[in-house]
Enquirer: 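After the structure tokens below, expect a handful of questions from me.
Here is how names work: the chains are called A, B, and so on, in the same order as the sequence lines, proteins then strands, and each is numbered from 1. Only heavy atoms go into these numbers, but all of them, side chains included; no hydrogens, no water, no symmetry mates.
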2 protein chains.
Amino acid sequence: MNATPQPGDEAAAQAANSRLVRDFGLLIKSATRLEQRIDTELRRTCGISHTMLEVLIRLCRRPGEEVSQRDLADDLTLTSSGTTRLIDRMEEAGLVDRVPSPADRRVTLVETTSHGRTVFLRAAAVHAEVVEKHFVEPLSADDYQRLTAALGRIDTALRDDV
Amino acid sequence: MNATPQPGDEAAAQAANSRLVRDFGLLIKSATRLEQRIDTELRRTCGISHTMLEVLIRLCRRPGEEVSQRDLADDLTLTSSGTTRLIDRMEEAGLVDRVPSPADRRVTLVETTSHGRTVFLRAAAVHAEVVEKHFVEPLSADDYQRLTAALGRIDTALRDDV
DNA sequence: TCTCAGAGATTGAGCGAGCAGCAATTGATT
DNA sequence: AATCAATTGCTGCTCGCTCAATCTCTGAGA
């Protein structure tokens with residue numbers, strides 16, 4: 001608190017300290033920290049990234065369902081090129097296989113390998129442990145329920161708007 | 001729903017459909033989408049990234065306060081090297097200045113330029129607009145209040161744990 | 001006073017994602 | 001049957017961040 005005051009300081013300080021700015025910063029920071037925590041834990045214990053786990057979750061959700069790279073890109077909020085290279089790495093690691101779609105020769109379907117499912121089960125346990133500890137535990141059951149409901153509304157609003 | 005069933009499918013499906021996994025996925029997805037939305041809007045209208053805005057927010061919060069790169073790194077959840085290059089770009093863009101600390105010759109203090117404060121005020125308005133629309137509006141006042149309180153608890157829990 | 005572990009900032013190498021542009025494929029229109 | 005816009009996945013390029021190594025500087029203990 002010793003520098004010489006600059007013109008515009010007060011207005012800037014007011015904007016920087018607004019309620020909205022602080023609250024939103026909190027959301028981003030919490031989510032970032034949580035994701036980083038999970039990512040490093042997954043890399044350490046299972047050798048996969050958080051993004052890869054998200055892919056495995058999507059692929060295992062409905063066994064037998066055909067999932068294309070486009071589906072994955074949409075669900076993970078990635079571009080098609082990002083998805084291409086992500087699946088490249090996962091195929092390289094033996095977690096998934098690429099299978100040409102019988103119905104449409106433009107699309108490639110992605111399937112888990114048995115090794116991918118093994119890794120997934122282990123990773124899901126680690127994931128659950130971290131989430132339980134840092135996401136569920138700090139909240140009361142009621143707060144947790146309300147929080148997830150609120151997030152759901154935000155997400156659908158974002159999706160609808162485009 | 002036509003592929004041949006694989007061993008381990010049921011266990012994997014159960015893990016992939018667990019309550020915890022879905023809820024946490026929602027948190028990450030909402031935060032990611034929201035941040036992307038703000039980032040592209042800021043780039044379009046003000047020519048800065050969301051991360052740069054976070055820096056400006058931090059620098060303007062308490063006028064006259066000395067803020068080092070290390071402080072910024074901690075507050076933004078970045079590494080020191082990431083911060084170095086971020087400040088490089090912001091200095092290049094004329095948004096901030098680097099000033100050696102008089103008290104400790106290892107540390108570099110970061111200060112906003114008057115141009116930086118001008119851009120900040122404009123960016124803060126854009127920021128507020130997007131946040132208002134996609135974060136505050138979908139929620140009732142009560143839900144919003146509870147949501148931010150819950151995020152605060154999660155954040156402090158994450159910070160304390162290390 | 002000297003030493004030395006540790007902190008802050010920087011640099012080089014590498015990774016993961018986006019953007020723009022491409023070829024192959026599809027489905028609808030004429 | 002021929003054409004053409006739209007879709008899917010892939011590739012070259014760039015950006016922003018991390019990790020590891022390095023340098024300078026600080027502060028505490030022998």
Enquirer: Tell me: CG of Asp71(A) to C1' of dT8(D), nearest whole Å?
Expert: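 Atom-to-atom, Asp71(A) to dT8(D), this comes out as 11 Å.
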Enquirer: In whole angstrom, give the distance that lies between atom CD1 of Ile87(B) and atom P of dG8(C).
Expert: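 In whole Å, dG8(C) P lies 15 Å from Ile87(B) CD1.
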Enquirer: What's the CG-P distance between Asp74(A) and dT7(D), to the nearest Å?
Expert: 12 Å
Enquirer: Should the pair Arg58(A)-Glu65(A) be classified as a salt bridge under the 4.0 Å nitrogen-to-oxygen rule?
Expert: yes
Enquirer: Write down the distance between CZ (Arg70(B)) and C1' (dT10(C)), rounded to a whole number of angstrom.
Expert: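 Value for this atom pair: 13 Å.
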Enquirer: Side-chain contact, heavy-atom cut-off 4.5 Å: Thr113(B) with Asp97(B)?
Expert: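 Counting from C-beta outward, Thr113(B) and Asp97(B) do come under 4.5 Å.
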Enquirer: What nitrogen or oxygen pairs link the protein and nucleotides 17-21 of chain D at under 3.5 Å?
Expert:
from: dC17(D); atom 1: OP2; to: Arg89(B); atom 2: NH2; distance (Å): 2.5
from: dT18(D); atom 1: OP2; to: Thr79(B); atom 2: N; distance (Å): 3.1
from: dT18(D); atom 1: OP2; to: Thr79(B); atom 2: OG1; distance (Å): 2.7
from: dT18(D); atom 1: O4; to: Arg85(B); atom 2: NH2; distance (Å): 3.1
from: dC19(D); atom 1: N4; to: Ser81(B); atom 2: OG; distance (Å): 2.7

Enquirer: Take the protein atom CE of Met52(A) and the nucleotide atom C1' of dA17(C), then report the distance between them rounded to whole Å.
Expert: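 Rounded to whole Å, this separation is 13 Å.
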Enquirer: To the nearest 10°, let me know how far the axis at one end of the helix from dT1(C)-dA30(D) to dT30(C)-dA1(D) is tilted from the axis at the other, five pairs an end.
Expert: 0°
Enquirer: Identify the heavy atoms of Val96(B) and Leu59(B) that sit nearest to each other, and give their distance.
Expert: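 Heavy atoms only, the tightest pair is CG1-CD1, 3.8 Å.
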Enquirer: Under 3.5 Å, is there a donor on one side chain and an acceptor on the other for Arg117(A) and Thr112(A)?
Expert: yes
Enquirer: Could you state the atom-to-atom distance from CD of Glu91(B) to P of dA9(C) in whole Å?
Expert: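 Taking atom P of dA9(C) as the reference, CD of Glu91(B) is at 13 Å.
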Enquirer: Side chains of Leu147(B) and Ile154(A), heavy atoms from C-beta outward: is any pair under 4.5 Å?
Expert: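 Counting from C-beta outward, Leu147(B) and Ile154(A) do come under 4.5 Å.
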Enquirer: Would you say the side chain of Phe24(A) lies within less than 4.5 Å of the side chain of Ile38(B), judging by non-hydrogen atoms?
Expert: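 SC-SC contact between Ile38(B) and Phe24(A) confirmed.
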Enquirer: Between dG16(D) atom P and Glu35(B) atom CD, what is the distance in whole Å?
Expert: 14 Å
Enquirer: Please state how far atom CD in Gln69(A) lies from atom P in dG18(C), giving the value in whole angstrom units.
Expert: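 Interatomic distance, CD of Gln69(A) to P of dG18(C): 14 Å.
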Enquirer: Answer yes when Arg44(A) and Glu41(A) have at least one side-chain N-carboxylate O distance shorter than 4.0 Å, and no when they do not.
Expert: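 Salt bridge: yes.
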Enquirer: From the options Asp143(A), Thr148(A), Asp142(A), select the one residue that forms a side-chain hydrogen bond (donor to acceptor under 3.5 Å, both in side chains) with Arg146(A).
Expert: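 The single option meeting the side-chain hydrogen bond (donor to acceptor under 3.5 Å, both in side chains) with Arg146(A) is Asp142(A).
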Enquirer: Would a 4.5 Å heavy-atom cut-off, applied to side chains only, mark Phe135(A) and Val130(A) as touching?
Expert: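 Not in contact.
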Enquirer: Counting only heavy atoms from other residues, nucleotides and ligands, does the tally under 6.0 Å from CD of Gln14(B) exceed 12?
Expert: no
Enquirer: Considering only heavy atoms from C-beta outward, does the side chain of Thr51(A) approach that of Met90(A) to under 4.5 Å?
Expert: no
Enquirer: Residues of residues 93-108 of chain B with any non-hydrogen atom less than 4.0 angstrom from an atom of DNA chain D: list those, numerically ordered, please.
Expert: Asp104(B), Arg105(B), Arg106(B)
